[in-house]
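Take a look at the structure below.
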Amino acid sequence: MSMEPKLLQIQNRFQEVEKSLSDSGNLSTKDIVVLNKEYAKLGEITPLIKSYFDAKAGLSEAEVMLKDPEMKDLAEEELIKNKELLINLEQELKLALLPKDDADDKSVIMEIRAGVGGDESGIFAGDLFRQYQSYAGRKGWKIEILDENPTELNGYKEIIFRVAGKGAFARLKFESGIHRVQRVPETEAGGRVHTSAASVAVMPEAEEVDVQIDEKDLRIDTYRSSGAGGQHVNKTDSAVRITHLPTNTVAASQTERSQIQNRANAMKMLMARLYEKQREELQSSRDSSRKAQVGSGDRSEKIRTYNFPEQRITDHRIKLTLHNLDDFLAGGISLDEMIDALLAEHQLKLLAAVEAR
């Protein structure tokens with residue numbers, strides 16, 4: 001089936017949205033926000049569509065020129081050039097027209113929790129946090145810790161943080177799951193290799209237009225922050241726990257000394273969790289799309305192994321093994337290589353699912 005009707009539909013819709021935004025006096029703020037997002041998304045593909053139709057027109061002109069003996073050589077060059085261009089543009093457009101995750105451009109809320117393995121799992125949770133912290137720095141994204149429960153060994157029982165930057169979710173969404181490490185722990189005197197694990201959850205940050213929360217559905221509790229002791233322990237009830245009563249979803253923060261800031265952090269976490277619930281419910285009704293994912297996104301799924309003795313990282317979903325563990329844990333280009341491979345596999349599965357319909 002030709003994709004041209006779809007391309008023309010997109011072009012027309014882009015013009016409609018542009019016209020609506022230029023005459024937005026009767027629109028609500030929410031409508032303007034939604035239209036601006038649609039305009040930005042359509043604006044990414046419309047130049048590609050224009051290039052496609054330009055190439056088609058160039059091909060038609062070259063075919064007409066072929067009838068003129070004096071223009072034959074030039075016409076043949078134009079035919080070859082435009083045919084090659086059309087093949088490339090068709091492939092680019094096929095990928096661009098794949099079903100998009102509306103959350104791809106969003107910032108993310110990440111949660112890392114120590115799992116099996118005792119103290120070593122907490123150390124590994126700290127390693128993972130620093131890996132994503134370094135990676136975010138390379139991408140120009142900002143890290144904001146929303147809540148944390150550190151251990152005495154430079155690790156974490158749990159750390160929840162925001163990664164702020166356009167496209168963060170698109171790059172990080174396949175990091176959700178169980179990350180396993182095999183190494184000789186700092187706490188091991190006998191030199192034996194131990195296996196431990198930490199879980200990673202990646203959720204798109206929700207905006208007010210994504211999640212509707214009624215204040216009467218919230219229970220907000222304050223309590224004394226816990227800590228390691230000393231002069232920095234809060235002596236006031238600055239920690240905040242927010243419960244969304246209809247879903248029994250809970251978010252808490254005690255990192256900041258200010259109750260106001262802890263409440264703001266807890267609300268960010270709560271909105272992200274509610275938004276994720278909505279997305280999961282929607283996703284479960286889209287079986288074909290779900291089958292096209294790389295893995296299920298299940299936080300209990302073992303997705304990756306970090307093997308220190310062999311300096312390798314293996315992603316079990318795409319059966320890819322890299323042998324530059326130090327760079328990977330430093331958030332270097334090898335982490336980009338893994339993420340690019342996951343995204344490519346995801347696109348191939350989506351494309352196969354679309355073409356099979």
Side-chain angles (χ1 to χ4, degrees), residues 1-61 82-108 165-173 203-212 271 275-276 278-293 343-344 346-357:
M1 182 183 293
S2 171
M3 69 170 77
E4 290 187 18
K6 177 69 174 176
L7 301 183
L8 289 169
Q9 185 182 353
I10 292 171
Q11 279 188 325
N12 291 336
R13 179 58 185 163
F14 181 73
Q15 291 168 4
E16 288 173 7
V17 173
E18 191 171 45
K19 186 173 183 298
S20 296
L21 286 171
S22 65
D23 185 23
S24 58
N26 296 323
L27 297 175
S28 68
T29 302
K30 181 180 177 181
D31 287 338
I32 291 172
V33 169
V34 171
L35 282 173
N36 269 316
K37 285 185 177 181
E38 185 181 4
Y39 183 77
K41 286 171 65 177
L42 293 173
E44 291 174 4
I45 191 173
T46 45
L48 203 57
I49 294 173
K50 183 180 182 304
S51 296
Y52 173 82
F53 284 119
D54 286 348
K56 289 273 289 186
L59 194 62
S60 297
E61 288 173 10
N82 283 294
K83 280 180 179 177
E84 289 180 353
L85 185 56
L86 273 174
I87 290 171
N88 293 331
L89 285 169
E90 282 177 0
Q91 189 59 31
E92 286 186 58
L93 281 165
K94 280 182 182 178
L95 293 174
L97 290 171
L98 287 175
K100 290 289 189 297
D101 188 333
D102 291 337
D104 273 353
D105 284 340
K106 292 183 179 291
S107 299
V108 303
K166 185 177 181 182
F169 185 68
R171 298 295 295 172
L172 296 171
K173 61 184 174 182
M203 299 172 289
E205 184 177 41
E207 302 170 48
E208 288 186 11
V209 294
D210 300 316
V211 180
Q212 303 297 320
M271 288 178 67
Y275 184 39
E276 184 69 1
Q278 288 180 12
R279 285 166 50 80
E280 286 173 358
E281 289 169 4
L282 181 62
Q283 194 63 55
S284 65
S285 67
R286 296 177 178 172
D287 291 340
S288 61
S289 175
R290 193 170 186 81
K291 289 173 186 174
Q293 291 179 359
L343 288 171
H346 177 59
Q347 285 188 328
L348 284 173
K349 288 186 175 182
L350 276 177
L351 193 56
V354 169
E355 291 177 344
R357 290 174 187 169

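Model, not experiment: these values are computed from the prediction. Note that the numbering runs from 1 along the sequence shown for the chain. Just so it is clear, the values below take in all heavy atoms, side chains as well, and ignore hydrogens, waters and symmetry mates.
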If I compare all heavy atoms of [X] with all of [Y], which pair ends up nearest, and what's the gap?
X    : Y    : answer
I32  : L27  : CG1-CB, 3.8 Å
V108 : F169 : CG1-CA, 3.2 Å
E90  : M3   : O-CE, 3.8 Å
M271 : V211 : O-CG2, 3.8 Å
L35  : V17  : O-CG1, 3.6 Å
L21  : N36  : CD1-OD1, 3.6 Å

Rounded to the nearest 0.5 Å, what separates atom [atom1] in [X] from atom [atom2] in [Y]?
X    : Y    : atom1 : atom2 : result
L59  : K56  : CG    : NZ    : 7.5 Å
M203 : E280 : CE    : CD    : 9.5 Å
D105 : E44  : CG    : CD    : 6.0 Å
K173 : K106 : NZ    : NZ    : 13.0 Å
L42  : N12  : CG    : CG    : 11.0 Å
L93  : L98  : CG    : CG    : 11.0 Å

Compute whether any side-chain donor of one residue and acceptor of the other, for E4 and Y52, lie under 3.5 angstrom apart. yes

Decide yes or no on side-chain contact (heavy atoms from CB on, under 4.5 Å) for L8 and F53, but give the supporting numbers first. CA-CA 10 Å; L8 289 169; F53 284 119; 3.9 Å; yes

Can you find a pair of side-chain heavy atoms, one from P204 and one from R279, that are under 4.5 Å apart? yes

Steps toward side-chain contact (heavy atoms from CB on, under 4.5 Å) verdict (K41, E38): CA-CA 5 Å; K41 286 171 65 177; E38 185 181 4; 5.7 Å; no

Is the backbone of E207 close enough, under 3.5 Å, to the side chain of D210 for a donor and an acceptor to pair up by distance? yes

Please determine if E16 and R13 form a salt bridge, counting it only when a charged side-chain N lies under 4.0 Å from a carboxylate O. yes

Pair L97, I45 - check side-chain contact (heavy atoms from CB on, under 4.5 Å), show working. CA-CA 9 Å; L97 290 171; I45 191 173; 3.7 Å; yes

With a 6.0 Å cut-off (strictly less than), is the heavy-atom count around CG of N26, excluding the residue itself, greater than 12? no

Take R171 and L343 through the side-chain contact (heavy atoms from CB on, under 4.5 Å) test and state the conclusion after the steps. CA-CA 8 Å; R171 298 295 295 172; L343 288 171; 3.3 Å; yes

